[in-house]
Structure formats: C-alpha cells, structure tokens
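Numbering of ligands and ligand atoms starts at 1, following listing order. No hydrogens, no waters, no symmetry mates; every other heavy atom, side chains included, goes into these values.
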Amino acid sequence: MNILGISAGSHDAAVAVINTQGQILFAGHSERYSKRKSDPNIATDLIWDLSSGRHIDHIAYYERPWLRQLRQWYSGQGIEWSKLTAGSIIRQQLQGHFSHVPVSTHSHHLSHAAGGFQTSPFDRATVVVIDAVGEWDTATIWSAEYVNGRAQYRRLWRQLYPRSIGLFYSAVTEHIGLDPQNEEYITMGMAAYGNASYSNQLQAVAQENLHAGLCQTFLPGARKQDIAASAQVVCEEMIYSIMHQARSFGWSTNLVYSGGVALNCVANRNLGEYFEKIWIMPCPGDSGSSLGAAALAYGGRIHFDHAYLGRVIPGPYPVHAVVSHLVVDKLCGVASGAAEFGPRALGNRSLLADPRATDIKDRVNAIKKRQRFRPFAPVVLEEHVHDFFDIPGGWINTSYMQVVGRCWRPDLYPAVCHTDGTSRIQTVPNNNSGIRQVLELWYATTGCPMLLNTSLNIRGEPMVNDRADADRFEQLYGVKVYS
Ligand SMILES: [Fe+2]
C-alpha cells in the first residue's frame with residue numbers, strides 16, 4: 001500500500017509518496033517542474049513522477065481547508081469557495097488523477113509536527129512548530145512518542161493567529177524591499193551588517209496583526225540592514241521564549257523543530273541551550289508537510305536516511321570528472337541522481353567551487369548575480385569540520401545546512417564566511433553519496449576537505465531539476481555541468 005501526501009493550494013506545492021514499511025519512495029517540489037518559484041499548484045510532470053509505476057491507495061492532505069477558509073474570512077481575505085474541502089482541492093491539483101482514492105485531512109501544525117518527529121531518530125520528543133500561519137495556529141508545542149509502533153501526539157500549547165513570528169519576519173522582509181514568503185533568508189543574511197537599534201520598536205509591532213504587512217511609514221529613513229538586524233534579534237527572542245516554555249513542560253530533552261521559521265539557521269545556533277538533542281528535517285516548511293501528512297496517515301516511523309528523493313537524473317555520479325574540472329578551473333556544476341527534497345542543494349543539484357581561490361566569490365556571483373554581501377556555504381567532510389569551524393557538537397544534525405558556526409580562518413576562506421565570521425555549514429558523513437565521494441577525492445588530490453556549494457539554478461528560477469535544465473544552465477553561463 002502506498003500513501004500520497006500533498007501540500008498544495010497555498011504556496012510551495014509538494015508531494016511525497018511513502019509505503020507501509022515507512023520507506024519514502026518519492027518526494028518532490030512542484031516549482032522545480034513548472035519553473036515557477038513557490039508554485040502553489042502541482043505541475044503535471046510532477047504527477048507523472050510521483051505515480052510512475054506506483055499504485056496510490058490513500059491520499060493525505062496537509063491541512064484542514066475549511067478551517068483555513070474560516071481564518072481567511074476572519075482576516076478579511078474572503079473565502080475561496082473552490083478550496084473549501086480537501087476533495088475539491090485535490091481533484092483540482094491532481095487534474096483528475098487518483099479520483100477514486102480515499103482522502104484524509106490533517107491539521108496544518110500536526111502535519112509539520114509529524115514530518116519532523118516521524119523522520120527523526122527519537123522514540124520520544126518535544127515538538128515545536130513555528131511558522132507564519134496555516135489554519136489558526138502560528139506556534140505549537142507537542143509531546144510525541146511511539147505507542148505500539150504508532151506515533152502519538154498531544155498538543156501542550158498553542159499560539160493563535162494573528163500573533164505570528166513567521167508573519168512578523170515576512171512583514172519585515174517585505175518592508176525592506178524583498179519578496180515575502182520567499183526571501184526571508186536574505187533578510188537573515190542582511191542582519192549581520194546592521195545594528196539592532198530598532199529592536200524596541202519592532203518588539204512592539206510584533207504583537208500586532210502583520211498579515212497585511214508593516215505600515216509604509218514605519219521607521220522612515222532607517223537603514224535596511226538595521227531593520228533586518230533588529231528583526232532578527234526580536235525573532236530570536238520570541239523563538240527562545242517558546243523553546244524555554246517547551247523545555248519547561250519536562251516531556252523530553254529531545255527537540256523536533258518544524259515550520260518555516262525552523263529554516264532560520266542563525267537563530268538555530270542557540271537551540272542547544274534548551275535541548276540536548278535536536279532534529280530538524282531538511283524540509284521543515286510547508287512543502288515538507290506533504291511528507292508529514294503521509295506520515296500521519298501511515299502512523300509509524302519513516303526511514304529517513306537522506307534528502308535525495310526527487311526527480312532522478314540517471315547514471316553514476318560523475319566523481320572523477322567533477323574533481324578533475326575543479327582542480328583546473330575551480331568551478332563547475334553537477335546534476336546527478338535524485339533531486340534534493342528541501343530548499344538546499346546538497347550535492348545533487350549543486351554549483352561547486354574551490355573555496356581557497358581568491359576570485360571565486362566574484363566568479364560565482366557573476367553567475368548567480370545575487371547580492372554581493374551574501375556569502376556562499378561550505379560543504380565539508382564531517383570528520384574535518386572542527387578543523388575549520390566552531391560548530392555545535394553532537395546536539396544537531398549538520399548535514400542539511402540548518403545551523404551556522406564560526407569559521408576559524410575567514411581570511412583563508414572568505415567566500416564561505418559571512419561578515420560576522422559564521423558559515424552555514426553542510427557536513428557530509430561517511431556515506432556513499434556522490435558529494436561524499438567528490439569530497440574524498442578532492443581532499444586526496446588537494447589536501448582541502450571542503451568545497452563551496454551553492455544551488456544550481458538559473459537566476460530567478462528554481463533549482464535545476466532535469467538534464468534539460470542543466471543543459472540550459474550550461475549554455476546560458478558557459479559553465480560545465482556534469483551528470
Ligand atoms: Fe506551515
């Protein structure tokens with residue numbers, strides 16, 4: 001029996017297929033197929049990929065549509081009558097496919113919680129979910145454990161709309177001229193360049209309903225960097241307050257953290273002050289709730305070994321070709337194997353570069369054309385990470401770029417260090433992944449166990465998905481992409 005989990009209809013549509021042995025058969029993002037960033041609808045080619053050769057026996061939807069519609073009506077957004085039931089949304093989203101398959105609906109925050117807990121290594125955990133808003137909840141705390149092999153959840157605390165950390169951060173993102181629900185990570189990066197001189201003012205407005213954004217005349221003349229820095233401080237204070245409360249329930253010293261706010265890797269650096277062990281799934285935002293909803297319908301533990309779960313570019317990983325190219329030209333792309341589930345390129349759809357090269361940041365920026373102040377991320381052999389970075393030891397999985405650590409030698413590796421001396425690190429354990437093999441050969445060849453890793457995408461588009469995308473990238477930028 002196979003279960004299809006769906007998160008779609010709002011933003012960042014995604015699907016996940018699991019079987020009743022708890023194995024993930026496929027998980028993918030719609031935007032990678034439609035080339036429309038944050039696409040709210042499921043692309044036709046994604047339906048083909050999820051269903052190829054598979055029977056779907058059950059469909060699990062990631063939230064309760066009528067509750068969302070009620071909240072939207074309450075907040076003055078009106079009711080979308082075509083989205084009042086999961087049945088009507090799924091019929092529309094799946095374009096008539098699987099029309100006779102039974103459907104279950106699951107609460108938005110519980111889907112986040114299950115996507116985290118049931119992919120975690122824990123038997124028992126405190127679960128914290130923080131996002132913008134789904135139905136009515138904007139932050140929740142849960143107890144979670146397995147009873148006779150089935151995950152059981154009990155909500156311990158909730159915060160309701162309109163008060164919302166996610167909406168606050170998105171409102172600030174919009175106020176400084178960026179794209180809300182899409183470019184919060186740029187706000188986070190910009191914060192390192194500012195002073196948190198407006199934290200009192202932002203603390204005050206954070207208590208208000210910010211769904212419609214901040215007033216245009218708020219903080220006239222203030223530097224964007226200072227607003228971003230102040231917002232980050234306020235955001236962290238609110239997150240840590242919830243973490244403190246979650247720990248005080250005394251349920252477990254294990255934390256599972258989900259929801260879009262869990263992508264704030266700068267705030268995540270201090271979570272070890274509240275919990276002993278922490279799991280954040282690689283896709284903690286709404287798209288990961290496709291897997292969460294499927295997990296709830298299934299009930300048991302999901303085997304989560306890696307995030308390579310999407311569209312497959314077949315063939316062996318081009319280890320030797322990539323390293324040979326990097327030795328000579330310092331920069332190349334790789335698009336091989338299954339696409340990553342989650343917002344980060346982790347080696348299967350990556351632009352890789354030599355972090356020691358003095359001109360490398362300019363060269364990568366010439367391709368990516370993103371803000372020059374933003375650093376790139378390092379990917380490093382796990383056993384060497386402490387030679388370069390002061391990163392959390394043991395309490396959080398660092399394989400998915402979810403936490404920052406201080407770089408010991410920013411002078412040697414400026415392209416992968418932020419202005420505040422931190423890096424968003426991806427460690428690679430001793431597994432058989434393609435990126436592991438590339439790093440091992442790169443280390444044996446050069447003595448450097450680290451590469452620069454940024455997502456392989458054409459500017460303004462989502463990450464490369466298939467070979468045709470990789471070819472377009474190659475032609476557009478004149479950069480070799482190996483498959
Ligand atoms: Fe959410």
Trainee: Of all N, O or S atoms in Asp131, which has the smallest distance to the Fe ion (ligand 1)?
Mentor: OD2

Trainee: Show me the pairs that pass ring-ring contact (aromatic ring centres under 6.0 Å, His included) and involve residues 12-57, at least two apart or across chains.
Mentor: His29-Phe341, Trp48-His97

Trainee: Under the ring-ring contact (aromatic ring centres under 6.0 Å, His included) definition, can you give me all pairs with a residue in residues 128-158, not counting sequence neighbours?
Mentor: Tyr74-Trp136, Phe117-Tyr146, Phe117-Tyr153

Trainee: Between OH of Tyr61 and CD of Glu63, what distance do you get to the nearest 0.5 Å?
Mentor: 5.0 Å

Trainee: Please report, to 10°, the angle around the Fe ion (ligand 1) from atom NE2 (His112) across to atom OD1 (Asp286).
Mentor: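 With the Fe ion (ligand 1) as the vertex, the angle is close to 90°.
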
Trainee: Measuring to the Fe ion (ligand 1), does His109 have an N/O/S atom at a distance below 2.8 Å?
Mentor: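 Given the 2.8 Å cut-off, His109 does not count as a ligand of the Fe ion (ligand 1).
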
Trainee: For the residue pair Asn182 and His11, confirm or rule out a side-chain donor-acceptor distance under 3.5 Å.
Mentor: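 There is no such pair (donor and acceptor under 3.5 Å, judged by atom type) between the side chains of Asn182 and His11.
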
